[in-house]
Every structure is written in structure tokens, then in C-alpha cells.
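Below is one structure, written out as C-alpha cells; the observations come after it.
Note: hydrogens, waters and symmetry copies are ignored here, and every other heavy atom, side chains too, is used.
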Amino acid sequence: MDEIEVSLTGSGRGPRSEVLAVGGGNSCETVRSLLPRGLLNSCPAGVASCPASSCPFQSPRWPRLTLLESVLLLGPRPTPSAMEFSELIRTGGAQAKLLRGPEVPPLHGTLCVTGHHLLLSPGPQATSDLWLLLLRSVDSIEKRVSGDSGTITLRCKDLRVLQLDIEGVEATRDIARSIEALSSLESVITSFPFFYRPKGLRLGDAWHFHPPERYYKRVARETNAWRLSEVNEDFSLCPSYPRAVIVPRAVDDDALACCARFRQGGRFPVLSYHHAPSGTVLLRSSQPLTGPQKRRCAEDEELLWAVLAGARPGARGFILDTRSAQAAKQARMTGGGTEARAAYPGWKRLHRPLERGRPLQESFVRLVEACGYLAQSTDCWRSRLEACHWLGHVKEALSTACLAAQAVEREGACVLVHGAEGTDSTLLVTSLAQLILDPSSRTVAGFQELVEREWIQHEAPTFLLFLDCVWQLGHQFPLSLEFGEGLLLALFEHAYASPFGTFLCSSEKERCLCEVRTRTHSLWSGLNQPKEQRKLRNPLYVPSPLAIWPSVEPQSLRLWQGLFLRWTRPNLQR
Amino acid sequence: MEHIRTTKVEQVKLLDRFSTSNKSLTGTLYLTATHLLFIDSHQKETWILHHHIALVEKLALTTSGCPLVIQCKNFRIVHFIVPRERDCHDIYNSLLQLSKQAKYEDLYAFSYNPKQNDLERLRGWQLIDLAEEYKRMGVPNSNWQLSDGNREYKICETYPRELYVPRIASKPIIVGSSKFRSKGRFPVLSYYHQNKEAAICRCSQPLSGFSARCLEDEHLLQAISKANPVNRYMYVMDTRPKHRMQSWWATQKDIGRIIVRISSKIWNDEKIRESDEKKRLNAMANRAAGKGYENEDNYSNIRFQFVGIENIHVMRSSLQKLLEVNGTKGLSVGDFYSGLESSGWLRHIKAVMDAAIFLAKAIMVENASVLVHCSDGWDRTSQVCSLGSLLLDSYYRTIKGFMVLIEKDWISFGHKFSERCGHLDGDPKEVSPVFTQFLECVWHLTEQFPQDFEFNEAFLLQIHEHIHSCQFGNFLGNCQKEREELKLKEKTYSLWPFLLDDQKKYLNPLYSSKSPKFAVLEPNTVSFNFKFWRNMYHQFDRTLHPRQSVFNIIMNMNEQNKQLEKDIKDLESKIKQRKNKQTDGILTKELLHSVHPESPTLKTSLCFKEQTLLPVNHALRTIEGSNPADNRYSEYAEEFSKSEPGVVSLEYGVARMTC
């Protein structure tokens, strides 16, 4: 496994460096020969190599190299044991033309595929930049061959559509096959974050920026009604919860184990947010496994009772089920269900059905398609928009979150949110409710912490729906969020394809197994560099201690053009 | 006032328009000679001018009282519940009378008194001087002159007295042409582009029932095209949609025949026989249907262009549909968008915009003069001419320039404001939101070109408010002649000086005044650029608006910057003074000491950085609707306040005891 690091001046992004993992069919030398000389001129004659245990970027030899230098690295660092990229890369390189949309001039050069990137080099003589695409960001690939050339259309996860016109039929086929194979690799530890070693960042940094434990400890300290439990230390109770969970002080670890058995996937009720002004809390969990026999669980009932008792005497609670009453009832047939009214005194159930999973995915795909049509036709834009129903989902998500927030703030009640698994729409509601209520979650650091704490898993496209809802909040309260659209767009990009490890894996357990924290960089370390930060901030931000109550009427919601029309919107004359 | 039977009703409820659970405020309703006033229990006042009332409805009696729904022309909708039916009936009848006056003299403008003396009033009316405006454009000049033909309104009653025509068009030609055009509205100059030496002209459609060619009209068109020294061909823009023209063609063969005959006279100058005529007629119909024309070459100096703007009736019902959709309680996103689409409103706005863009391009790119007409030449023609001029000339994008534009293309050229706005009790079929559409087009432009307009949205909304308010004389009547007969300049006040006095409120903080005079705007009319104008159609529905205004922030920052600059100047001048007096170093201390108490603003501005940009109470106010109940989140689910079922509350009590 060979690697090449190149420095890019980038288009408006400032200098940055990328490591290209190269394998098999094209040796490092081949790729090197394709790269613009400007990037490789001062390449040291010797090849740097270092033992697997040490990070080459910390070696004393490193500082001698300047930012714009490129270094050839032979790294015995994480090598895919089961599989070599070389088997998947079927091509050396081909002449190609890249079309990136109507307003951008096409790029010409030599196209080649490396372990993680698609690379278009303008040639060794050129002075211009390399064009790089992370293969992981390719969503679908379409290949057409005619005569002695071919065309590959790539649809990316960031909604870009790229067209590559490639010379040679064989070359087209090879490149298409390589892209297909490499972009759909499942293995986490062979993914790019495990190879990405940008300058200026140290491994292990920034993973401690926003540890959820810190928040939980603070709540436990301030309320006296909550405690940090290590019951999930080995992920045996709930594989999808982190090691540290925060639960009512009155409930012991054995009771928690019983609760976990009573909830789907072991997701027993835990604290999501503590609203200090009213002393009440927002909780989340998965559905109770009542089943057709309407089973009950004394410990679970006790836990929820303890929540109310801990808030203040006589506090009320609302269980916000993100399914319809009927769907919740039907879930009993498959072993799930919902809390029986009589079993949870003081708690009242509300049903606010939120779409998730496939219908949401389809809605998203339709919207992306509709936005793609803009370039061609101008008619029926609003009918198309309506047919996607995306904004309808935005409205439902926001109003449900508002309902939860209203219950916490105005009614002084505790709120437990869950759907079935308690992993997608549940997180949507709890995190949006916090943004509405909690001024600190509207700061850059607070928002990152919120994402880190709540969005342990991200399920496309629920996370995108969350980002859209946050954008709507920012649109209606242009002064209240410390971050701007840039941060939301960055999160969107990185959630689906990223050189950083933050969004890798789908649970804390997996992350520990893969040693994500020690072997990849955190997205926050990338985003929190002063240069990046400036671009992500909202210059109009004025801190305000108040809750922000958005309007959820259709007249107040807008299509997030910055995301959905990012690549298709004709430049408006300004 | 003889129409008012009840002046005060207590315990009236004002319903939340969008609430599905009949949320309401209770207060007292007052009826005055000019306004309806509601004061709620928080002492908040809602004033409704009688002239703003478009529709009053008394709904069926309910248990809580008699509902009274009032729809206003500024899109405010209020829903009262009056406890006693008799009171409701009295108010309803009074409002019916008060909102529909039969005589101009009963309108608010004739009694409105802003405490100005006659001289001030006169000066107000002289603020906008159209002769001055034509001079600014560069006319009269060697090609264009002021015609005195209409000085006594003898040629055309609905045109102003002063009209600009090509220098080579003599009075008999003008008179002849006017007889050939509907309502005598012959082709005259609307805007002259000094750089391109091209003109925008306007007129009405050719008259039906006329069986011969009209040489004078032909000459006048020739004269207009000759008045452009750069380009000899000109466009004739018919703003009516092709499909309507086609059906119109089928029913009105006569007119078609005349136009064919004339067109051949004008452009070919050859005699044609009946059979030829028929052929041509078909060809013209084809042309109208967009199928092209086989003999383009013969018509080289005039080019036809149809742009599809619908008539006043289509526009009225489109707006009606839009308002119905918006008024729906518990409206879903899907219904909103499908309603918006099916109302066609934004499509109509786009059509007007496209027409104006065509006009501006003809002048900028081809250097061609353009003659614009619709049927009578006072609705669509006004929209297209004024919007086209606005795209071409940055002067019209200033506050004063925009007033001039409205005075010129709308008021002076006889847009029938009183009929279109329904100022008097008249034919409801004459009412149409033509001017509202113009304002909306301008708003869309301000959205696309945030730095090119001196005024902001509030300015447009305020003008819209006053075309209906009948508080000022500007928009009363349907043409200049009528306005003179009403002696408006002696009996009423002009709106413009009042808007200018309040200028600060209407300034766009992003405006960069440095753009050259002829910086043309090229808007993009892709359909997603046409957004629903929430601040117009929901101006009074507070809960629907963004909760904080970036605009206010920028205004405040500007104010603060100005203050800081002033502080700097003050301090500099003080330093200078001191330096002149003494050149001793000891003085610095004294200087600082003396400056502080003298300048109270200094204190605040020095700690500017530590302060938030807004005073705290201001920030509180900008987060409107900070009561979540305003937003009706819980209405779609069960209400929080709903009482718990008996069993639960019992257990609730039990559980509390065990605790």
C-alpha cells in the first residue's frame, strides 16, 4: 500500500493537503508522473518510511518540508488486511474531460483512480491544480459508451452531478468499474479517514472538544436528581448507547438492566436535555416491548416516576410518540408497543406521526430530482416542490419539536420522546427542541456538542432533515444562531463522505472497536481551525437568553436553496 | 354621521385568523367617521380605515355571538364576534355604507387635515414635476417635441395635457391617429433613453368598425421609428396573450381585416385584393398563434411581439384564489404550494416581468424603439412601460425617482386608480390588482438586486396602503382631467411629501448609489425566483413573519456608525481648538476630562464593542411571537390543558401519596 501526499492550493479553500492511498495497477510512480510538477518539485529524493506504530507526521524529519511540498510516503500504516485496493483498481489512467455544470468551464487532463480518490491531473507541465473527488462521496454511477469514447455520470452525495468524457472504451469501462467497486466499500477501517493525515492537526486532538460526559456531569452536579451510570461500560445493555449514560439518581443499575430489556435495542429512557429554568427534562428512549400481552415493567415505570419526582413535586409528563396512535398500537403485534396509560401515572401520551425511513428517503430523492430539472424547465416548479412533500416533513418535524419544547418551557412538564427504535425521528425532535429552548446550543461550540451528543447515529436522510430544520430556524431568527449556513452545509457534506472520522460507524461500540478516536481525525478539529471558523460563523449573531419559537405555517417555510439548488442555481446577478 | 347607529360595543372578541381552536382576544369595538377601532384587554389598538374595507360579512349566529368578518384591501382580515346580534347588525350596516361611498367628495382625502397651510399644500403638489422629468430624460430634442394638441384634453380625455411626440408628426397626424385608436389614446412617448436615442412609446389598440386604412396612424408609427437615428426598425409589443388574440381574431374578423389592410399599407404600401386579404388574415392569425409568418422580409421596419399578460378579470380572480388559499386554517405545505400554483398569481407576475425584460433588451441590445399597447393602454401598458423604464434607468430606483415613475406612467397616463381600487361604490368587475402586481414585480427586483434600490419593502407596502386609503389626492379619480375637475390640488394633499419626510423609514441600507445612470438590471425569471410575497399578503399576520429583522440590525448599525463618525469629528475639532489655544502637553488630561461630560454619546460609543448591537429591550421585541401559543403547535394534537381522563387523575393522586 503506497501513499502520495499532494498539496492543493484549492479553489478558495486555501492550501490543504491530501493523502492519496495508491495501490496495485498503478504504482506510486505512475501517479507521480501524472501530477503537476509544481506539486512535486521539491519532493525529497528519499522515500519517507516509518514504523506502523508512530505517526509519520510527528517524526523529526517532517518539519523540513514546507506546506506546498508533496511527499511520497510509503506507509505501513493501517493496511487493509482482508483486501488490497490493488485488486479493485483496474486502470492506469485515461485522458478525460470533466463537466461540472453549465456555469463552470470544463477541465481537461489525465484521469486516474487511487484507493480513495478520483483524480484529474492537468498533466506534469501544468501549473493549475489537481481535481480530486473522494470516491466515498459517489452515490451512483452511470456509464455510456459510444464510438471510441465513453461518458461517466457521477451523482454525488453532496447533490453534485459530474460528467466525465473519457477517451477509450476500455478505459471508460475500467474506470467505471473501479469507481463502482471502491465507492461501495463497506469496511470502515480501510476508509479514507484512516489514511487522512492533514498537516497542522494531530491525531487524537479535538476528540475531547465535546465529550457528552461533560454535559451529563454538569447536569448531575446541578440537579442532584440525576447521576452518571457506568452500567453500559461494556455496551452490553445497549450497544447503541455510549459508555456513560445519565439516569435518575433514584434508579440503580440493576433496575436499569431491567429497563433495557423492556425497551427495543436496550434503549432505556435517558436524559437528553435539562431545562434549568423550569427544572424539567427532555428524555429519549425506544418503544417499550409491551407486545400483544401488554407486558409491563415495574422498573421502567419506576424510572419514569422518578423523573417526575426529581423534577419537582407534582410535575407532569408527556410521552411524545412520533408514530400515530394506530401505528403504535400495531407495533404490539411485532413485540413493540407503547406505554399503557394506567401504568405510568402522571404521564400523558401524545401522538405526532413523523415520516422516517423509506418515505422520507423517497421524498428527498424526488426533491433532488425536481431541483435538477430546474435547468431545463421552468414550469410547474411549485407543483413539483409540492409533490416531493419535503417541506411538509420540515413543518411536521419543527412543529413536533416546538410541541415538546412548549411542554417543557410553558407547561413545566417533563417530556419523553420515542418512536419505534428511538434513533431517527426521536433524535430529530429532542435536538430541535434543545435548539429552540437552550441558548447555549445555538453557539458554534454548543451546536457541535449537540450534534455529538444527540446524533450518535445519523440515518440519512433524517440528519439532513434536522439540518434543514436548523436552517429554517436560522432563517426565521437570523440573529440567534452563532453559526451560519456554512456549518450546516459542512455537516451535510461530512456526514455522508468525509476525510474525518467523526461520522464513521453507527454506534459508540463500533467506534471503539475501530479505534476511530485514535486513528482518525475529528471533524471538529478540521472545522474549528480559525480560518475555517470564520467562514462558518454568523456575523449577525447576538446572544439572547430567550427561547426561539419559529412559525411553522407553510407561508413561513422556505426551500433551502443553498443546499438543494447549490449546484444548479444559475448565478444571480448581484 | 347618519350611517353610524352604534359607536361602541363592548365584550367583542377578535379571533386569531389561523387558529383552529377559536383562540381570541376580548376588547371593545369603536366606530368613528373614518375608522373602525378595536382595543383589546392589553390596550393594543387595531385601526381599520373604512376605505380599506373590501368586504364585510355577517356569518350565522353562534353560541358565543354573531361573527363579523372584515376583509381589507391591504390584505388584513379580521374576524370579530359581537355578543349581541343587534349590535353586529348595526355595525355591519354602518360599515357597508361607510366603506362604499357614492361621491368622491365623501372620501377621506376631502376631510383629512394634516395641518398644512395652502402654500405648503401647493408645494407638496409641486414636488413631482413631470416637465422636469422629461427634461431629465433629454426631451424635447431634435427628434422629439412637446405637443400642445391635448392642452385642452381635446384629443384624448384620459391622457395628460402635455404629451411628447416625434418632431415630424404634425398635429393633423396626431388627431387622425387618435381617431383610429381606442379612447383616442394615440402613440406618445413614455420614456426616452438618452444613450441609445431609443424610445418607449405607448398607445391603445387600433379601433374596430373602421373600414379604411388610417394614413395618419401609419405616419405616426413611421415618425416614431424615424425618431430613432440608430435603428430604423421598431417593435410593436402587444401585451395581450396569443391565445386570447387568436380567439378574439376569430370573432372579430373586421378588426383583423383592418389590421391586415393597414399593415400592408404601412409596411408594404401595395394594394391588396380580397383574396389576398383572406390569405393574410390567416397568416396573421397564425402569427398570433406563434406559428411564424411567411413574409417577414416585407415587414422589415416593424416587428410584432406578443407577450402574454392576462386581462384584469383573470388577474382579479387569480388574486382571489391566492387569498382563499392563504386564509385556510391549518393549511398544509402541500395545499399551500398547489394552491399557489393553481392560482397562477406568480405566473402572472412572471409574465409582466418577462414583458418588461423584453422591452429593456430591445432598447439595450438592439437599440430599437418600442411601442407598447394592450387594449386601452392603461393597465398592462402601464405595467410594462414603467417596469421597463425601471430596469433601464437607475433614477427610477431611487425614492424620488420611483414617485416620478408612478406619477408619469400610472397617474398621468390615466391608469384608472379609482375604478381598479374600487374607491367608490361602482362596478366590481372594474376592480383589479394591476398596480399591486407592478409593486410586486418591483419587490421581486429588490430581492434579486438588493443593492440597486434606494427604497425598501416598507416603501412599497406604504404606497400600496395609500392607493386604497383615499387619504391623499394622488390616486383619486381615473385620469388627470377628472382630477382637475375635482380640484384635488386645492382640496386634498399629496402623498409624496409625507413619504419624503419619513424617508428614513424607507431607506434600503444596502443601497449603493454609485451605479451609473444607465446600469440596466437583468433579472433572472426562472420560476423558483418568484417567491410568495409574505410581507404583502400577510402583512398583518404577525406570527407568520421571520422573528428577527436583519434589516433593522443593519439600520441600527448604520445609525451607530454615523454617530461614531460624528463623535470622531467632534473630538477632532475639539482637539484642533485646544491645539490652537495652547500647545502644551499637560492639556491632554484636561481635554479628556472635559470631553466626557459634554458628549453623552461618547460614553455609549466607546464601549460599543462590549455592547450587543441592540439594546436589550429591543432584542426582546424583535423576537416576536415569543409566546409559543401564538404559533399553534399544539392545536394539531391534543391540547395540553385538556383535562386528564378520570382514571388517570385518580392514579395520579394515588401515586403522589405513595411518593
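- Both the backbone and the side chain of A:L391 come within less than 4.5 Å of a heavy atom in chain B.
- When each of B:D452, B:L445, B:L521 is tested with B:L390 by the rule side chain to side chain contact (heavy atoms under 4.5 Å, CB included), just one qualifies, namely B:L445.
- Note on ring orientation: taking the six-membered ring where Trp is involved, the planes of B:H444 and B:F530 are tilted (angle from 30° to 60°).
- Salt bridge status for A:R316 with A:E411: present, with a side-chain N to carboxylate O gap under 4.0 Å.
- Aromatic ring orientation, A:W471 versus A:W560: parallel (interplanar angle below 30°, classes split at 30° and 60°).
- The residue among A:H389, A:H475, A:R558 with the most heavy atom pairs within less than 4.5 Å of chain B is A:R558.
- Looking at A:P550, the atoms closer than 4.5 Å to chain B (heavy atoms on both sides) sit in the backbone and in the side chain alike.
- From A:E482, atom CD reaches atom CG of A:L540 across 12.5 Å, with rounding to the nearest 0.5 Å.
- With a 4.5 Å cut-off on non-hydrogen atoms, B:N326 touches chain A through its backbone and its side chain both.
- Chosen from A:Q555, A:E386, A:Q476, A:E396, the residue pairing most often with chain B at heavy-atom distances under 4.5 Å is A:Q555.
- Heavy atoms closer than 4.5 Å to chain A are found in the backbone of B:S332, but not in its side chain.
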